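Since the structure comes first, as structure tokens, the remarks are kept for the end.
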Amino acid sequence: MAEEYDFDVIVVGGGISGSVCAYSLAKEGHEVLLIERGVEPGSKNLSGGIFYSRVMEQVFPNFTDEAPVERVITRNTLSFMNEESVVNVDYWDKRLAQPINAVSVLRAKLDPWLTEQCEDLGVTVMPGIKVDELISEDGHFVGVRAGDESLRARIVVAADGVNSFLSQYAGIRGKEPASHLGVGVKSVIRIGEEKVKERFNLSDNEGAAYAIVGDCTQGVAGGGFMYTNKDSISIGVVMMLEDLKQSGLASADIHDHFLTHPFIAPFLQDGELLEYGCHLVAEGGKAMQHDLVRNGLVVIGDAAGFTLNTGLTVRGMDLAAQSAVCASKVISSALAAEDYSQAKLEAYVSEYEQSWLGKDMETFQRAPHFLETTKEMYGDVGKLLADTFFGVYNLDLTPRKRILPVAWGAFKKSKMSMVRLVKIAINAVRAM
Ligand SMILES: Cc1cc2nc3c(=O)[nH]c(=O)nc-3n(C[C@H](O)[C@H](O)[C@H](O)COP(=O)(O)OP(=O)(O)OC[C@H]3O[C@@H](n4cnc5c(N)ncnc54)[C@H](O)[C@@H]3O)c2cc1C
């Protein structure tokens with residue numbers, strides 16, 4: 001039987017999930033092939049770029065020292081953006097760097113480093129190859145076809161991202177409905193290391209992450225992000241696909257509108273555009289979870305729908321890594337037992353459900369619905385906050401009022417009813 005297989009495991013997709021899975025399996029002594037359709041690993045990948053990196057330290061013990069990470073995130077800013085005003089909740093905390101909690105990364109650097117680590121452990125890495133279909137025999141998946149080439153393995157891992165053609169091919173899921181998807185448009189703009197530190201008030205290798213709602217998406221459900229790299233800024237928007245369609249606006253125009261906002265433009269001044277890209281984002285949370293295994297097949301990362309946007313944090317890379325860790329454990333045990341059946345591989349589901357990954361998907365299951373349906377978050381709430389602060393700081397020589405009457409005056413100007421505002425507050429607390 002052994003001669004029938006070219007590899008123990010074929011991993012399709014050289015993103016975070018695929019590389020972590022291939023690496024973890026190779027570490028256990030398995031023969032692994034990692035196939036990536038991008039000519040260079042990372043060339044097809046796009047992330048905003050904040051990696052909650054503790055999970056990586058379990059796989060690569062000196063990850064933040066050795067991997068090409070950009071900055072250590074110690075400042076998180078939540079911004080409510082209106083056309084002519086911005087209200088920030090600015091949180092800086094040295095403890096976020098001891099131990100390091102999150103780093104900014106550029107996938108064009110990180111993904112090649114990850115595949116290099118795989119190669120060092122003996123993984124065969126094949127970039128520039130697109131897998132066209134799965135090979136199925138007697139109800140088991142036993143390999144992949146890429147062009148004329150057929151490659152056989154005991155187990156195939158689908159780590160092929162949000163569109164996961166392999167999961168669709170295996171009949172695990174259909175085409176993802178638009179309500180589960182977002183679209184992201186991102187630029188990387190070089191302004192130089194000194195300017196990054198000056199403009200974001202950072203010392204040494206500290207970094208800042210802005211999560212922005214409101215005028216950045218011109219009222220479309222979603223948000224903007226602005227993250228500091230060593231000498232550049234990653235900046236862009238992520239919007240719910242359905243709401244974007246309904247708005248009739250073009251995602252690229254919204255991205256440009258955001259970058260030219262009077263609050264944002266000074267951060268980017270005299271910058272040089274290094275990268276520009278557009279990518280789908282899994283936004284459905286727990287609602288887009290589907291089966292994750294078949295005989296001889298395991299689905300991980302974005303392909304499995306593991307992303308979480310809570311409004312405060314966008315997480316996908318750490319979830320991708322954790323799903324790979326859980327999957328590799330179960331695959332290793334299946335290989336040892338020479339049992340590649342769905343029944344055996346189902347242990348992956350309980351493995352991830354019992355880990356923080358499953359628990360977080362559960363905890364934040366209301367977040368996608370809240371963010372999609374609470375349109376006030378993308379306009380009225382920001383205006384209410386700004387009007388309240390304007391009332392406090394605009395000393396126009398009329399007698400001053402205390403903050404409560406000022407806030408009440410701002411509220412009466414807004415289109416929201418008190419019942420709606422209370423509902424939004426309750427739903428926000430329950431969702432986040
Ligand atoms: C605009 C935007 C901002 C984001 N911001 C953040 C953030 O700040 N923090 C965060 O943690 N997450 C963020 N995410 C989510 C994060 O990028 C993903 O969750 C993460 O990349 C998932 O990793 P993955 O390995 O599962 O999939 P991917 O990184 O998408 O990798 C899939 C790989 O499979 C390859 N592939 C696909 N089909 C085939 C095939 N047929 N044959 C061979 N190879 C194939 C692709 O080329 C790709 O390299 C963001 C996403 C977007 C789009």
Side-chain angles (χ1 to χ4, degrees), residues 10-22 33-53 55-56 70 73 76 102-108 110-112 114-115 125-134 144-147 151 156-169 181-188 209-211 222-227 234-239 241 251 255 275-283 299-310 313-324 327:
I10 295 177
V11 180
V12 181
I16 305 288
S17 60
S19 292
V20 170
C21 187
L33 169 66
L34 177 62
I35 306 181
E36 165 55 42
R37 73 182 164 157
V39 179
E40 273 278 313
S43 60
K44 296 267 184 194
N45 306 77
L46 193 144
S47 282
I50 299 301
F51 198 160
Y52 297 90
S53 53
V55 58
M56 293 301 265
E70 296 290 312
I73 303 302
N76 289 277
V103 287
S104 51
V105 297
L106 291 165
R107 297 289 298 269
L110 179 63
D111 289 24
L114 286 171
T115 47
V125 179
M126 283 173 61
I129 305 287
K130 180 173 165 287
V131 168
D132 297 314
E133 55 187 42
L134 292 165
V144 300
R145 236 171 244 121
L151 293 154
V156 176
V157 177
D160 53 341
V162 59
N163 279 327
S164 189
F165 151 77
L166 291 191
S167 311
Q168 293 181 43
Y169 192 89
L181 296 173
V183 62
V185 187
K186 176 192 170 189
S187 293
V188 179
Y210 279 71
F225 59 88
M226 178 164 66
Y227 305 145
S234 292
I235 183 163
V237 283
V238 176
M239 291 159 293
L241 208 50
S251 56
H255 163 275
E275 270 181 42
Y276 177 82
C278 182
H279 203 280
L280 284 178
V281 191
E283 285 274 356
V299 186
I300 61 174
D302 266 16
F306 288 135
T307 51
L308 266 180
N309 178 359
T310 67
T313 53
V314 178
R315 292 168 54 199
M317 291 187 278
D318 57 325
L319 277 55
Q322 177 65 12
S323 69

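Whatever order the structure lists ligands and atoms in, that order sets their numbers, starting from 1. Keep in mind the model is a prediction, meaning the values are calculated, not measured.
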Apply side chain to side chain contact (heavy atoms under 4.5 Å, CB included) to Asp111 and Ile16, showing your working. CA-CA 7 Å; Asp111 289 24; Ile16 305 288; 4.1 Å; yes
Verdict with reasoning, Tyr52 to Thr313, per side chain to side chain contact (heavy atoms under 4.5 Å, CB included): CA-CA 10 Å; Tyr52 297 90; Thr313 53; 3.3 Å; yes
Let's go through Leu319 and Gln322 carefully: what are the C-alpha distance in whole Å and the side-chain angles of both, what is the deciding distance for side chain to side chain contact (heavy atoms under 4.5 Å, CB included) to 0.1 Å, and is it a yes or a no? CA-CA 5 Å; Leu319 277 55; Gln322 177 65 12; 5.8 Å; no
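Remark: among candidates Glu133, His279, Arg37, Arg315, the nearest residue to atom 43 (C) of ligand 1 is Arg37, based on non-hydrogen atoms. Within the set Gly316, Ser164, Ala209, the minimum heavy-atom distance to atom 12 (N) of ligand 1 is found for Gly316. Among Val39, Ile16, Leu308, Asp302, the residue whose heavy atom lies closest to atom 18 (C) of ligand 1 is Asp302. Counting heavy atoms only, Ser17 comes closest to atom 24 (P) of ligand 1 of the residues Gly15, Pro41, Ser17. Comparing Lys186, Glu283, Arg107, Met317 against atom 21 (O) of ligand 1, the shortest heavy-atom distance belongs to Arg107.
Below 3.5 Å of separation, one finds no N or O of Val281 facing any N or O of ligand 1. Of the N or O atoms in Val314, one or more lie within a sub-3.5 Å distance of an N or O in ligand 1. Of the N or O atoms in Gly161, none lie within a sub-3.5 Å distance of an N or O in ligand 1. Geometrically, ligand 1 and Val131 share a nitrogen or oxygen pair separated by less than 3.5 Å.
The side chain to side chain contact (heavy atoms under 4.5 Å, CB included) test with Val156 is passed by exactly one of Leu33, Ile35, Leu134: Leu134. The side chain to side chain contact (heavy atoms under 4.5 Å, CB included) test with Asp302 singles out one residue from Asn163, Val281, Thr307, Asp160, and that residue is Thr307.
Nearest protein heavy-atom neighbour of atom 17 (O) of ligand 1: Ser47 OG, 2.4 Å. Residue, atom and distance of the protein heavy atom nearest to atom 38 (N) of ligand 1 are Asp160 CB, 3.5 Å. Of all protein heavy atoms, the one closest to atom 9 (N) of ligand 1 is Ile50 O, 2.7 Å. In this structure, atom 23 (O) of ligand 1 lies nearest to the protein heavy atom Ala320 CB, 3.7 Å. Distance from atom 34 (O) of ligand 1 to its nearest protein heavy atom, with residue and atom name: Gly13 CA, 3.2 Å. In terms of protein heavy-atom proximity, atom 5 (N) of ligand 1 is nearest to Gly48 N, 2.7 Å. The nearest protein atom to atom 28 (P) of ligand 1, hydrogens excluded, is given as Asn45 ND2, 3.6 Å; this is a heavy-atom distance. Closest to atom 35 (C) of ligand 1, if we only count protein heavy atoms, is Glu36 OE1, 3.3 Å.
Across every non-hydrogen atom of Ile300 and Ser323, the tightest pair is CB-OG, 3.6 Å. Closest approach of Ala158 and Ser164 over heavy atoms only: CB-OG, 4.4 Å.
Note that the CD1 atom of Ile235 and the CZ atom of Phe225 stand 8.0 Å from one another [nearest 0.5 Å]. In this structure, Ser47 OG and Lys186 NZ are separated by 6.5 Å, a value rounded to the nearest 0.5 Å. For the atom pair Leu106 CG and Tyr227 OH, the distance stands at 12.5 Å (nearest 0.5 Å). Here the CG-CD distance, from Asn45 to Glu40, works out to 11.5 Å after rounding to the nearest 0.5 Å.
Taking a cut-off of under 4.0 Å to the non-hydrogen atoms of Val238, the atoms of ligand 1 that pass are 1 (C). Close approach to Gly301 involves these atoms of ligand 1, each under 4.0 Å from a residue heavy atom: 26 (O). Listed by number with element, the atoms of ligand 1 under 4.0 Å from a non-hydrogen atom of Lys130 are 41 (N), 42 (N). Contact atoms of ligand 1 toward Gly184: 1 (C) (distance under 4.0 Å to a heavy atom of the residue). Those atoms of ligand 1 that come under 4.0 Å of a heavy atom in Tyr227, given as number and element, are 8 (O).
Residue Leu280 touches ligand 1 through its backbone alone, judged by heavy-atom distances below 4.0 Å. Contacts between Ala159 and ligand 1 below 4.0 angstrom, taking non-hydrogen atoms only, involve the backbone exclusively. Only the side chain of Thr307 comes within contact range of ligand 1, with a heavy atom under 4.0 Å; no backbone atom does.
Val237 has its side chain out of reach of Ser251: every pair of non-hydrogen atoms, C-beta onward, lies at least 4.5 Å apart. Within the 4.5 Å cutoff, side-chain heavy atoms of His255 are placed close to those of Tyr276. With a 4.5 Å cut-off on side-chain heavy atoms, Pro127 and Val39 do not count as touching.
Every heavy atom of Tyr52 sits 4.0 Å or more from the atoms of ligand 1. Within the 4.0 Å heavy-atom shell around ligand 1 one finds Ile129. Under a 4.0 Å heavy-atom criterion, Gly49 is in contact with ligand 1.
Glu36 contributes a side-chain N or O that, together with a main-chain N or O of Gly14, makes up a donor-acceptor pair within less than 3.5 Å.
Residues satisfying the side chain to side chain contact (heavy atoms under 4.5 Å, CB included) criterion with Asn309, sequence neighbours excluded, are Glu283, Val314, Leu371.
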